[in-house]
Amino acid sequence: MPFDAVLGLGSNIGDRVGNIEDAIARLTADGVVKLVARSRYYRTAPWGVTDQDWFVNACIAVQADVSARELLARCQAVENGMARVRTQRWGPRNIDVDILTFRDQKIVEPDLVVPHPRIAERAFVLVPLKDVAPDVRIDGASIDEMLSRLDSSDVQPLAGP
């Protein structure tokens, strides 16, 4: 299953699953970004700012014949098109689309860091990431190694397909 990038998606406002489905449809609408695999949906506790409603999180693996910068622009265009409001870091959001990995690249720029800089701290990212890219390694560590250092008990699959 070849893929160019893995994206993390999350929502904790409104129809959480519907918001993620809408974001995936928008990302793949013109065919430049192609869906290769998708994780299950997971109900997750908030992270960072914990005084907010629970999230639904998922990951998708995509093929995209674009640069990481162009993929970031597409992710941000989806967020903006869905009227995401940024009022508080790690606060409530109707949609969040993050680039978790991009090919085998390591990118460190002011507004783009790949692999995602806090991926190893977030079970809500690692659990769905394992669904779509179980063999990926981040800074030499496997997903299972990173998960072994975290409490993932609050990352629960939602019922359904």
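One-based numbering along the sequence shown.
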Exercise. In Å and rounded to the nearest 0.5 Å, what is the CD to CG distance from E145 to D139?
Worked result: 12.0 Å
For this session: Return the minimal non-hydrogen interatomic distance between P128 and A123, and the atom names on each side.
Result: CD-O, 4.1 Å
Problem set entry | Contacts of E70 that satisfy side-chain hydrogen bond (donor to acceptor under 3.5 Å, both in side chains) - sequence neighbours left out | R74
For this session: Locate the shortest heavy-atom distance separating V56 from I20; write the atom from each residue and the value.
Result: O-CD1, 3.4 Å
Exercise. Can you name the nearest heavy-atom pair linking R43 to W54, along with the distance?
Worked result: NH2-CD1, 3.0 Å
Problem set entry | Interatomic distance, I138 atom CD1 to I119 atom CD1 [nearest 0.5 angstrom] | 4.0 Å
Exercise. Less than 4.5 Å apart, any side-chain heavy atom of L27 and any of V62?
Worked result: no
For this session: Mark yes or no for whether S11, through its side chain, and N94, through its backbone, hold a donor-acceptor pair below 3.5 Å.
Result: yes
Exercise. Between C75 and I99, is any pair of side-chain heavy atoms under 4.5 Å apart?
Worked result: yes
Exercise. Hey, are the side chains of L147 and V127 touching, using non-hydrogen atoms and a 4.5 Å cut-off?
Worked result: yes
Exercise. Does a side-chain N-to-carboxylate-O contact under 4.0 Å join D111 and R69?
Worked result: yes
Problem set entry | D4 side, atom CG; R103 side, atom CZ - distance, nearest 0.5 Å | 4.5 Å
Seminar exercise, completed: In terms of heavy-atom contacts, I143 and L129 come closest through CD1-CG, 3.7 Å
Exercise. Do K130 and D144 come within less than 4.5 Å of each other through their side chains, counting heavy atoms only?
Worked result: yes
Seminar exercise, completed: Between the CG atom in N19 and the CD1 atom in I13, the distance rounded to the nearest 0.5 Å is 8.5 Å
For this session: Measure across Q105 and I107 and return the closest heavy-atom pair with its distance rounded to 0.1 Å.
Result: OE1-CD1, 3.4 Å
Problem set entry | Main-chain N/O of D53 paired with N12 side-chain donor or acceptor, under 3.5 Å | yes
Problem set entry | Inter-residue atom distance L126.CG - D131.CG, 0.5 Å rounding | 11.5 Å
For this session: Report the residues that fulfil side-chain hydrogen bond (donor to acceptor under 3.5 Å, both in side chains) with S39, sequence neighbours left out, ordered by chain and then residue number.
Result: none
Exercise. Linking I/L/V/M/F/W/Y whenever any side-chain heavy atoms sit under 4.5 Å apart, do V17 and I60 land together?
Worked result: yes
For this session: Taking the side chain as every heavy atom from C-beta outward, state whether V125 and H116 have any pair of such atoms under 4.5 Å apart.
Result: no
Exercise. What is the minimum heavy-atom distance between V97 and A23, and which atoms define it?
Worked result: CG2-CB, 4.4 Å
Exercise. Do L112 and F102 come close enough that some side-chain heavy atom pair is under 4.5 Å?
Worked result: no
Exercise. Would one find more than 12 heavy atoms of other residues, nucleotides or ligands at under 6.0 Å from atom CG of D65?
Worked result: no
Exercise. With a 4.5 Å limit on heavy-atom distance, are the side chains of N57 and R122 in contact?
Worked result: no
Exercise. Are any non-hydrogen side-chain atoms of L158 and R40 less than 4.5 angstrom apart?
Worked result: no
For this session: Could you grab the distance from atom CZ of F55 to atom CG of D154, nearest 0.5 Å is fine?
Result: 12.0 Å
